[in-house]
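Notes to accompany the following structure.
The shown structure was predicted, so the numbers you read here are calculated from the model rather than taken from an experiment.
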Amino acid sequence: MVKSRTAREKADDGYVPSPRRIERERFKRARARRATAVAALSTLVTGAVLFLVITRSPGWPRTRETFFSLEYARIALPKVLDGLLLNLRLLVVCGAAVLVLGLLLAVARTLRGPVFFPLRALAAAYTDFFRGLPLIICLLMVVFGVPALRLQGVTTDPVLLGGSALVLTYSAYVAEVFRAGIESVHPSQRAAARSLGLSGGQALRFVVLPQAVRRVVPPLLNDLVSLQKDTGLVSIAGAVDAVYAAQIIAGKDFNFTPYVVAGLVFVALTIPMTRCTDWITARMDRRRAQGGLV
């Protein structure tokens, strides 16, 4: 009988698995292959049913012409990609600002002592307000309200104002993520740091924050994925991003294929980020299960 690869590897170490174990491993592999085949078959059947239902519907010819026109897709794709550069710049700049401001807010909310009560109250009021305020309303208030004040030295650039609104909203969500991570660190960690002679600020910087940040990496990446999608909302201010570029093309002939192209471009950017988030989450879970992550 031919041994499996696992059995050969263990035989090299002087260990020979029993026939029952070899049979059990063979059964597990067969079950995994069967499960993969069933999943693939069910996926194909579901896809075929959906395809037939959609393509045989009475309005499909008109829908295909209006939303899935290859001609308009070829026209829209270069301009949508040009506008996408603005979305990527907003993601990088606003993402960095959100992380910094969110961390500062989280630290302010976790400061101890009555002397820091005003700071804690302001940070709590900020997070409560901007977490409850819809992002679209925040954008409208900042983009149209700030220029209406006619303040000297204050920009009226829609890109900067739209990015500021994104930072105001998302920093409130990120602050709560950081705060949850800080409060998840056991108090004994801070007490041990203080017993070694570290000050309260040093204990927070060198002991608490490194552990807290590692624990909240997956939810932080999820917030960045959401930020990447919401950068398209700056188009309401007139900034020519991917969404607004699609809107300009769609408005000429009332064909909505450019919107579909812009949506697919955002999906193509989001999927790698979400898969990266899943991988990091699974890796941290494995390390935590093995006792390698504090």
Side-chain angles (χ1 to χ4, degrees), residues 76-106 108 122-178 220-252 254-270 273:
L77 183 59
K79 297 181 180 179
V80 168
L81 291 179
D82 289 340
L84 185 66
L85 296 176
L86 175 60
N87 297 103
L88 294 177
R89 289 196 296 267
L90 282 172
L91 174 63
V92 173
V93 176
C94 293
V98 163
L99 292 176
V100 173
L101 182 56
L103 182 59
L104 293 176
L105 289 169
L122 287 175
Y126 177 94
T127 55
D128 290 343
F129 178 79
F130 283 103
R131 286 176 69 198
L133 185 68
L135 175 58
I136 188 69
I137 295 179
C138 182
L139 277 165
L140 292 172
M141 292 176 60
V142 173
V143 169
F144 298 112
V146 172
L149 296 175
R150 298 182 181 179
L151 299 174
Q152 294 294 328
V154 178
T155 182
T156 58
D157 188 347
V159 176
L160 294 178
L161 293 176
S164 300
L166 292 173
V167 172
L168 288 174
T169 299
Y170 271 90
S171 59
Y173 290 99
V174 171
E176 288 301 286
V177 173
F178 277 126
L220 285 178
L221 291 177
N222 283 327
D223 285 335
L224 290 180
V225 170
S226 298
L227 176 62
Q228 183 263 325
K229 294 184 296 182
D230 286 340
T231 55
L233 293 177
V234 299
S235 60
I236 66 174
V240 183
D241 68 328
V243 177
Y244 195 68
Q247 181 180 350
I248 293 174
I249 301 173
K252 293 180 179 179
F254 297 100
N255 189 287
F256 300 104
T257 302
Y259 286 122
V260 177
V261 173
L264 292 177
V265 168
F266 276 103
V267 170
L269 287 177
T270 302
M273 296 179 67

In chain order, what residues pass the ring-ring contact (aromatic ring centres under 6.0 Å, His included) check against [X], with sequence neighbours excluded?
X: Phe256; value: Phe67
X: Tyr244; value: none
X: Phe130; value: Tyr126

Heavy-atom closest contact ([X] atom, [Y] atom, distance):
X: Ile249; Y: Ala76; value: CD1-CA, 3.5 Å
X: Ala106; Y: Ala175; value: CB-O, 3.4 Å
X: Val80; Y: Ala262; value: CG1-CA, 3.9 Å
X: Ala250; Y: Pro258; value: N-CG, 4.0 Å
X: Ala165; Y: Cys138; value: O-SG, 3.9 Å
X: Gly232; Y: Ser235; value: O-OG, 2.9 Å

**Study point:** Leu77 CG to Asp82 CG distance, which is reported to the nearest 0.5 Å
**Key:**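 Between atom CG of Leu77 and atom CG of Asp82 there are 9.5 Å.
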Review point. Roughly how far apart are Leu84 CG and Leu269 CG, rounded to 0.5 Å?
Key: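 Result: 5.5 Å between the selected atoms.
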Quick check: do [X] and [Y] have side-chain heavy atoms less than 4.5 Å from each other?
X: Phe144; Y: Leu161; value: no
X: Leu90; Y: Val234; value: yes
X: Leu227; Y: Leu91; value: yes
X: Val98; Y: Leu224; value: no
X: Phe266; Y: Val243; value: yes
X: Val261; Y: Thr257; value: yes

Review point. Listed by chain and number, what are the salt bridge (charged side-chain N to carboxylate O under 4.0 Å, His left out) partners of Arg131, not counting sequence neighbours?
Key: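 Counting only residues at least two positions away or on another chain, Arg131 forms a salt bridge (charged side-chain N to carboxylate O under 4.0 Å, His left out) with Glu176.
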Review point. So among Asp223, Asn222, Leu103, which one has a side chain to side chain contact (heavy atoms under 4.5 Å, CB included) with Val177?
Key: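 Answer to the side chain to side chain contact (heavy atoms under 4.5 Å, CB included) test with Val177 among Asp223, Asn222, Leu103: Asp223.
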Going by side-chain contact (heavy atoms from CB on, under 4.5 Å), name the residues that satisfy it together with [X], two or more places apart in sequence or in a different chain.
X: Ala97; answer: Val167
X: Leu149; answer: Leu151
X: Leu99; answer: Val174, Phe178, Leu220

**Study point:** Full working for side-chain contact (heavy atoms from CB on, under 4.5 Å) between Leu135 and Leu233
**Key:** CA-CA 9 Å; Leu135 175 58; Leu233 293 177; 3.6 Å; yes
Exercise for review: Could you name each residue pair satisfying salt bridge (charged side-chain N to carboxylate O under 4.0 Å, His left out) that touches residues 153-164, not counting sequence neighbours?
Suggested key: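 Those involving residues 153-164 do not exist here.
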Exercise for review: Not counting sequence neighbours, list each pair that qualifies as a salt bridge (charged side-chain N to carboxylate O under 4.0 Å, His left out) and has a residue in residues 229-252.
Suggested key: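 For residues 229-252, and leaving out neighbouring residues, there are no salt bridge (charged side-chain N to carboxylate O under 4.0 Å, His left out) pairs at all.
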Partners of [X] by side chain to side chain donor-acceptor pair (under 3.5 Å), sequence neighbours excluded?
X: Gln247; answer: none
X: Ser164; answer: none
X: Thr231; answer: Asn87

Review point. Does Leu166 offer a backbone N or O that forms a donor-acceptor pair with the side chain of Thr169 under 3.5 Å?
Key: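 No, because the side chain of Thr169 does not come within donor-acceptor range (under 3.5 Å) of the backbone of Leu166.
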